[in-house]
Chemist: 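Here's a structure for you.
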Amino acid sequence: MSIELDPRLNPKAIEPRLYSRWMESGEFTVHPSTVLEEGRDPFVIVIPPPNVTAVLHMGHGLNNTIQDVLIRWRRMQGRASLWAPGTDHAGIATQNVVERLIADEGKTREDLGREAFVARTWEFVRETGGAILDQLKAIGCTCDWDRTRFTLDPGLSRAVREVFVHLYEKDLIYRGEYIINWCPRCLTALSNEEAEGEEVDGRLFHLRYPLAPELAEAAAAALEAVAAVKAEAGGVGAPEEDEGEGGDRTAGGGIEPEALGQLPDGRWYLTVSTTRPETMLGDTAVAVNPADERYKGLVGGEVDLPLTGRRIPIIADGYVDRGFGTGMVKVTPAHDPNDFDMAQRSGVPLLDVMTPEAKMGENAPEAFQGMDRFDARKAVVQALQDQGLYGGEDPHTHSIPRCYRCTTVVEPRLSEQWFVKMKPLAEPALKASQDGTVTFVPGRWQKVYEHWMENIRDWCISRQLWWGHRIPVWYCQDCGETIVARDDPAACTACGSAALEQDPDVLDTWFSSWLWPFSIFGWPDKTDDLKAFYPGHVLSTAPEILFFWVARMIMAGYEFMGEAPFSTVYLHATVRDTEGRKMSKSLGNGIDPLEVVDQFGADALRFTVISGAAVGTDIQLNPDDLEASFAPGRNFANKVWNAGRFTLMTVGDDPIKPLSAVKDDLELSDRWILSRLSATAESLTQELEKFRLHDVAEKAYHFFWGELADWYLELVKPRLREDAEEGSKQAARTTLVTAFDGILRLLHPIIPFVTEELWQKLPWPEGAQRPESLISASWPTKDTALDDPEAERQLEAVQELITQVRSLRKEYGVPEGAEVEVALTGSPPSFQEALISEDSSIRRLARVGTLTMDSGAGEPVEATGPGGRASRAGAHGVLKNGTELFLPLEGVVDLEKERERLSVEIQRLSEQLKGVRGKLENEAFVSKAPEEVVARERQKQASFQEQMGKLQEKLKVFQRP
RNA sequence: GGCCGCUUAGCUCAGUUGGCAGAGCACAUCGCUCACAUCGAUGGGGUCGCUGGUUCGAGUCCAGCAGCGGCCACCA
């Protein structure tokens, strides 16, 4: 025997070598002709392109393992399985990184200027970008690397332009001045999705605005109306209120704002509430609900806006909620989207009082100019307090939006931006979900997706950044014409002037990634790649980017390709730490997948994440204890390795016979494991089709460890020895190799390295040339010729018998080395067959000296006959198939010693029992101790009593004469 | 405020059409027998969140409640 393998799997020794071999084989590469000419069925996944500057984290580790499992599985099935890789230019994120870099040199991007900054960013991306794709290789990902794309590649940029112009010409892209989300740190507009809400315990401030003197009478009337409404509400509620409590409820501990009142100088004021007092400097109206009887008389009047010297009108607008606060609201159209809408309806002016950096700007009163918005907040409150116009504050929980890239609090800001009209695009994408053209795994995401689609809002696509796709719009400096063009225009289309300025903005990063499933295949050209690989099949990603990316890809797919880009959206688990917190760089609770590969191997990483994440649940890993987190995966890979080591060493180099040649020599255990293999192949295939990867891992694990390694290998050992009978030996060799080959293939998508390494070394049937060079060449399928339910039943009973005997031995203190006698009665004929055929295995694995059974016709056998059993000490049990077993203990176990041991145990237990009983009989304890404690004691008592019963039964066995 | 999910062993979770409560880890006892101590054998451990209903039978179906988590919307 020439086969030498380490007793432990050493991933470092095999993984890089195997990956190189796969690369050389070219099996990741898929040419469109395989589909278009050879007619192979394509299977396509496009990778969610990671940020070009990203570093691999566990989320990538999980998601890319999932994709690789699917890709490898389909490749084994013979599909033209294409996984298209690439990276995203990640506008804000990458620009931030480079800005930080040049900040270290003491420069800003303005110092460099646009052109130099972009050049610098390109340089950075070319040098260090895309490293993450190499990291994916370390975990075994089999992308078609020749197809690696970048969202700023010329081809993809052409697609972006085409799309922009196409949508503009269809009137689906427009430019307009609206309230958008603005990041004062990144200095750019953001889409709604990029402003992430965060719940905070904030404060609601009440501000008093003096009314114009001519409103004094109306104000007095309004105050009465307010009081009347309040009294009515109180009058209805009062009789039902419990005594004492009713009074404090409304204010929630805070100050109840006075809707109206009079200042010491006699002027009337009204009260409005806000979480952001600094914005009052930009108020241009106060609004009430038109149906609000209380304030009818005030509408049309004016208030003096404090601190500004401006007078602003009181308007009526249906948006105002009569029940919230005083029912009067300040209107700041330039800094609040709802206020903006009200201003549009009523025609009150817009007043932007902030700078892009969210400092108070030139439209703010001089005293506040240059102040940061949060300082201004304090200053405004202070100033109002000084003037007696501060109405107090209440605690108030609300959510504030933050920039998804830098977490700065986003400022709603009036700004001219480019938008995509989404409603028409959403229609087919919504229908696709409703009619099942696109399905979600887990299914509950369908509703989330549809809800978003149904309430879709226009998409702000312009960004005030330098890194990204320039907006393909030019403005003529002479005639003011706007030119939207696929190719850079040389002259104005209207006046012929060459004085054109391109729009300075770039497009949202997602404006290029939403085209990814077809732009990477050469669209807008009609390429073979597109014909062969569009639409794809599965899109696997994190739920966080369902709206950012997945939903928009589906919309773009319909608009530009006429069909959805994939049929299944797999939203994978979130990777969390042991406290359930999402792993993130900022929390410092992440795990570096490369470190895991280094310590435990890629197979261990892959198996751990796949088996750890059942569909719909999150995966928990401990960043402080990688051993605890990844040992299951490592141990399993090692187990596979060692079972392979055994197989290779015992089967040896000699060729094996084909299964057909040993058919007649197959024994029960052979037929059993082959039948189990066939069933496992079928079951795993079904689970994969349903994307239940966790179950695939678990079932494969169970078959391999619990059936093949624990049982078949043990059963087959003697038959593989030199001196074994030839027919049996050859049948065993063939079966072992067949079963091992099968399970290696089934496991290969999940743990590709160790399976490939072992598979390469497996002997092949004599006469047959090894037809395949890599394990990936075929996927095992159910083989009905191997199905053998009878063998499964029989061998399961054998397993049960062996387990029973082992258990009884242990329970009754039979020494490890001692052989026991086992007598069976009432076994069904088929089981007797099994017993005869596996007789030696049973003796060996359960240390049985003599195994006797009745003839099957009820004829009594020596030790088990009615007389025999009654007269001898022994243990007995029953199998599921009705067979009774009797295990005489006389002469095997020191009965006297066991009796003593049991007596001591019984003694100890009865002491404990006495203690519990004493407690429970103590009335003071029962009546005064907490209920749970008493319940626990009762439970203890029951459990002790049960144990006592068992022990006493056991003792009886030893007390037999 | 709306929608969704979760609650099963000490921990992480399975439990797919209702039919004897499972796995891995951890724990305990024994064992380094020539594939593997990253292993093997055996064992202990559960009022399936609470309440009620449907049913011969409920972890599973229905209603309500509680706790935790997520997404969306933002009544300033």
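Residue numbers begin at 1 in each chain, while the letters A, B, ... track the order of the sequences.
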Chemist: Go through the structure and list residues passing side chain to side chain donor-acceptor pair (under 3.5 Å) with W459(A), not counting sequence neighbours.
Modeler: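 W459(A) satisfies side chain to side chain donor-acceptor pair (under 3.5 Å) with D508(A) once adjacent residues are dropped.
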
Chemist: Strictly below 4.0 Å: does T647(A) bring a side-chain N or O up to OP1 or OP2 of A35(B)?
Modeler: no

Chemist: Is the backbone of A316(A) close enough, under 3.5 Å, to the side chain of N289(A) for a donor and an acceptor to pair up by distance?
Modeler: no

Chemist: Has H451(A) got a side-chain N or O lying under 4.0 Å from the OP1 or OP2 atom of A73(B)?
Modeler: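 Answer no for this pair, as no side-chain N or O of H451(A) is under 4.0 Å from OP1 or OP2.
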
Chemist: Output all residues satisfying side chain to side chain contact (heavy atoms under 4.5 Å, CB included) with R294(A), sequence neighbours left out; order by chain, then residue number.
Modeler: A225(A), V226(A), V229(A), D292(A), R322(A)

Chemist: If the condition is side chain to side chain donor-acceptor pair (under 3.5 Å), which residues does D201(A) pass it with, not counting sequence neighbours?
Modeler: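 So D201(A) forms a side chain to side chain donor-acceptor pair (under 3.5 Å) with T397(A).
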
Chemist: Under 4.0 Å, heavy atom to any atom of RNA chain B: which of residues 622-641 of chain A qualify?
Modeler: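 Here the set is R634(A), N635(A), N638(A), K639(A).
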
Chemist: State whether F704(A) and K699(A) meet the cation-pi test: NZ (Lys) or CZ (Arg) under 6.0 Å from the six-membered ring centroid, and within 45° of the perpendicular axis.
Modeler: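 Not flagged: K699(A) not positioned over aromatic ring of F704(A).
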
Chemist: Excluding sequence neighbours, so at least two apart, what forms side chain to side chain donor-acceptor pair (under 3.5 Å) with N192(A)?
Modeler: N181(A)

Chemist: Please confirm whether the shortest side-chain N or O distance from N338(A) to OP1 or OP2 of C75(B) is below 4.0 Å.
Modeler: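 For N338(A), the contact criterion (side-chain N or O under 4.0 Å from OP1 or OP2 of C75(B)) is met.
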
Chemist: Atom CD of E698(A) to atom C1' of C25(B): distance rounded to whole Å?
Modeler: 13 Å

Chemist: Can you name the residues that form a ring-ring contact (aromatic ring centres under 6.0 Å, His included) with H396(A), not counting sequence neighbours?
Modeler: H398(A)

Chemist: Kindly write out the residues that satisfy side chain to side chain contact (heavy atoms under 4.5 Å, CB included) with V381(A), not counting sequence neighbours, or none if the list is empty.
Modeler: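 Side chain to side chain contact (heavy atoms under 4.5 Å, CB included) check on V381(A) returns F205(A), P277(A), Q385(A), Y390(A).
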
Chemist: In chain order, what residues pass the side chain to side chain donor-acceptor pair (under 3.5 Å) check against S433(A), with sequence neighbours excluded?
Modeler: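 Checked S433(A) against side chain to side chain donor-acceptor pair (under 3.5 Å); matches are E450(A).
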
Chemist: Going by salt bridge (Lys or Arg N to Asp or Glu O under 4.0 Å), name the pairs with one or both residues in residues 804-818 of chain A, residues two or more places apart or in two chains.
Modeler: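 Counting only pairs at least two positions apart or across chains, no salt bridge (Lys or Arg N to Asp or Glu O under 4.0 Å) contact touches residues 804-818 of chain A.
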
Chemist: Reading 5' to 3' and counting Watson-Crick or G-U wobble pairs with both distances under 3.5 Å, write the dot-bracket notation for RNA chain B, | for bases paired outside the strand.
Modeler: (((((((..((((.....[..)))).(((((.......))))).....(((((..]....))))))))))))....

Chemist: Just to confirm, is there a sub-4.0 Å distance from OP1 or OP2 of C72(B) to any side-chain nitrogen or oxygen of K447(A)?
Modeler: no

Chemist: For nucleotides 69-71 of chain B, print each protein N/O atom paired with a nucleotide N/O atom at under 3.5 Å, atom names and distance only.
Modeler:
none

Chemist: Go through the structure and list residues passing ring-ring contact (aromatic ring centres under 6.0 Å, His included) with Y701(A), not counting sequence neighbours.
Modeler: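 If we apply the ring-ring contact (aromatic ring centres under 6.0 Å, His included) test to Y701(A), skipping adjacent residues, the hits are F607(A), F636(A), W705(A).
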
